[in-house]
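Given the structure is predicted, the values throughout are model-derived calculations rather than measurements. Because only heavy atoms are used, hydrogens play no part in the values below, and waters and symmetry mates are left out as well, while side chains stay in. FYI, the numbering just counts along the sequence from 1.
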Amino acid sequence: MVDVRKIVVVVEEVEAAKTALQWALQNLIRYEDIITLLHVYPSARSKSKTKARHLRLNGFQLALSFKDICNNFPNTKVEIIVTEEDQDQVGAKIAAMVREIGASSLVVGLHDHSFLYKLAMAHEDIANNLNCRVLAIKQPHPLPLRKKTNVVRALDSSTNMDFSQIEISGLLVPDIPPPKIPYRICPSPTAIIWRSRKSRRK
């Protein structure tokens, strides 16, 4: 019997979130796994029902755009959860939903304003707090060097944060100068052989 895993992917309106989903589909998701696309949008500051309905509709449309990415991969089972929470409590809401779902892994697109940073400062052990493995996918800015291939993956542990950080970037190939050949200007004096040139006869 295949062990069915539940993989939660956080849906955000940033490119890193879509990159994280694509990485998970190509490297993490296996047959029979269930992908939960989780989007937590901030509550409207005003009490307008129209504003709240608009935010919820935008959240569903964003989640559906992520589902379209999943449709390119056969045999993927996708669930969508869209909910709201106060701006300052979005991270806590995501953590509560992940625990409620019983996820084995949480996949997040890491960016400058990611909720993971606040969560890491509030809890010493994020993985235990979420009760699952946390994979933060980071796509750094490309450096001005020639690209050899499109994608290279490197798995590394974040220095200060308690989650696995995976960086995706182009494989950068710098211009390497040819190696210098060592040249001895003056070898050992005892090894120098003097040759006198005979003068040519006129």
Side-chain angles (χ1 to χ4, degrees), residues 1-44 52-53 55-111 113-139 155 157-158 161-166 168:
M1 184 177 178
V2 179
D3 182 23
V4 179
R5 303 179 304 172
K6 295 181 179 180
I7 314 295
V8 175
V9 179
V10 176
V11 174
E12 296 180 279
E13 202 167 358
V14 291
E15 193 63 29
K18 290 185 177 180
T19 301
L21 173 60
Q22 292 170 339
W23 181 90
L25 289 167
Q26 294 173 355
N27 300 276
L28 182 63
I29 306 299
R30 65 191 185 194
Y31 182 69
E32 293 293 337
D33 284 350
I34 299 175
I35 306 171
T36 300
L37 301 176
L38 174 60
H39 177 62
V40 180
Y41 61 91
S43 303
R53 191 182 304 113
L55 289 173
R56 186 171 181 81
L57 179 60
N58 284 348
F60 270 108
Q61 290 176 338
L62 181 62
L64 287 173
S65 69
F66 277 62
K67 187 177 185 298
D68 289 339
I69 298 175
C70 298
N71 292 339
N72 295 325
F73 293 80
N75 301 320
T76 53
K77 298 180 179 180
V78 182
E79 298 177 343
I80 292 177
I81 297 178
V82 177
T83 185
E84 67 175 323
E85 187 54 75
D86 293 338
Q87 179 71 48
D88 296 335
Q89 297 297 321
V90 169
K93 181 68 172 183
I94 292 175
M97 293 299 298
V98 169
R99 289 192 298 267
E100 182 179 338
I101 293 168
S104 60
S105 297
L106 172 66
V107 179
V108 180
L110 193 62
H111 53 90
H113 304 287
S114 176
F115 72 93
L116 277 181
Y117 293 118
K118 290 184 179 179
L119 209 60
M121 289 186 290
H123 302 278
E124 293 183 358
D125 193 336
I126 296 181
N128 283 339
N129 179 259
L130 296 172
N131 197 27
C132 71
R133 180 172 56 161
V134 181
L135 298 172
I137 313 301
K138 183 180 180 182
Q139 189 171 9
L155 178 60
S157 295
S158 179
M161 302 299 177
D162 181 41
F163 50 79
S164 298
Q165 179 176 309
I166 301 172
I168 302 178

Exercise for the section: State, with a plain yes or no, whether a side-chain heavy atom of Ile137 is found less than 4.5 Å away from one of Val108. Expected result: no
Exercise for the section: Search all heavy atoms of Tyr41 against all heavy atoms of Arg56 and return the closest pair with its distance. Expected result: OH-CB, 3.4 Å
Practice task
Would you mind reporting whether Val8 and Val107 have side-chain heavy atoms less than 4.5 Å apart?
Solution key: no
Fill in the blank from the handout: dist Leu119:CG -> Leu130:CG (nearest 0.5 Å) comes out at 6.0 Å
Fill in the blank from the handout: Residue set satisfying side-chain contact (heavy atoms from CB on, under 4.5 Å) with Asn71, at least two apart, ordered chain then number -> Lys67, Asp68
Handout entry: Partners passing side chain to side chain donor-acceptor pair (under 3.5 Å) against Asn131 (at least two apart in sequence or in another chain)
Key = none
Handout entry: Closest approach of Gln22 to Ile69 (non-hydrogen atoms, all atoms of both residues)
Key = CG-CG2, 3.9 Å
Handout entry: Residues in side-chain contact (heavy atoms from CB on, under 4.5 Å) contact with Ser105, at least two apart in sequence or another chain
Key = Ile7, Leu28, Arg133
Exercise for the section: Starting at CG of Leu38, measure out to NZ of Lys93 and round the result to the nearest 0.5 Å. Expected result: 9.5 Å
Problem - Those residues that, when tested against Glu13, pass side-chain contact (heavy atoms from CB on, under 4.5 Å) (two or more places apart) - result: Leu62
Problem - salt bridge (charged side-chain N to carboxylate O under 4.0 Å, His left out) against Lys118, all qualifying residues, sequence neighbours excluded - result: none
Handout entry: Pairwise side-chain contact, Val9 with Ile35, heavy-atom cut-off 4.5 Å (strictly under)
Key = yes
Problem - Nearest-0.5 Å distance, CZ of residue Arg53 to CG of residue Leu57 - result: 9.5 Å
Handout entry: Closest non-hydrogen atom pair, Ser104 against Arg5
Key = OG-CB, 3.5 Å
Exercise for the section: Grab the two heavy atoms, one from Lys18 and one from Phe66, that are nearest each other, plus how far apart they are. Expected result: CG-CZ, 3.5 Å
Practice task
Would you name the heavy atoms of Leu110 and Ala16 that are closest together and state the gap between them?
Solution key: O-CB, 3.8 Å
Report, one line per pair, each donor and acceptor closer than 3.5 Å where one atom sits in a side chain of residues 74-90; sequence neighbours left out.
{"from": "Thr76", "atom 1": "OG1", "to": "Cys70", "atom 2": "O", "distance (Å)": "3.2"}
{"from": "Thr76", "atom 1": "OG1", "to": "Phe73", "atom 2": "O", "distance (Å)": "3.0"}
{"from": "Lys77", "atom 1": "NZ", "to": "Glu32", "atom 2": "OE1", "distance (Å)": "2.8"}
{"from": "Glu79", "atom 1": "OE1", "to": "Thr36", "atom 2": "OG1", "distance (Å)": "3.3"}
{"from": "Glu84", "atom 1": "OE1", "to": "Ser43", "atom 2": "OG", "distance (Å)": "3.3"}

Exercise for the section: Consider only side-chain N and O atoms of Glu15 and His111, and report whether a donor and an acceptor are under 3.5 Å apart. Expected result: no
Exercise for the section: Measure from the side-chain N and O atoms of Asp33 to the backbone N and O of Ile29, and report whether any donor-acceptor pair falls under 3.5 Å. Expected result: no
Exercise for the section: Please answer whether the main-chain N or O of Val11 pairs with a side-chain N or O of His39 as donor and acceptor at a distance below 3.5 Å. Expected result: yes
Exercise for the section: Please step through side chain to side chain contact (heavy atoms under 4.5 Å, CB included) for the pair Phe115 and Val40, ending with a clear verdict. Expected result: CA-CA 11 Å; Phe115 72 93; Val40 180; over 6 Å; no
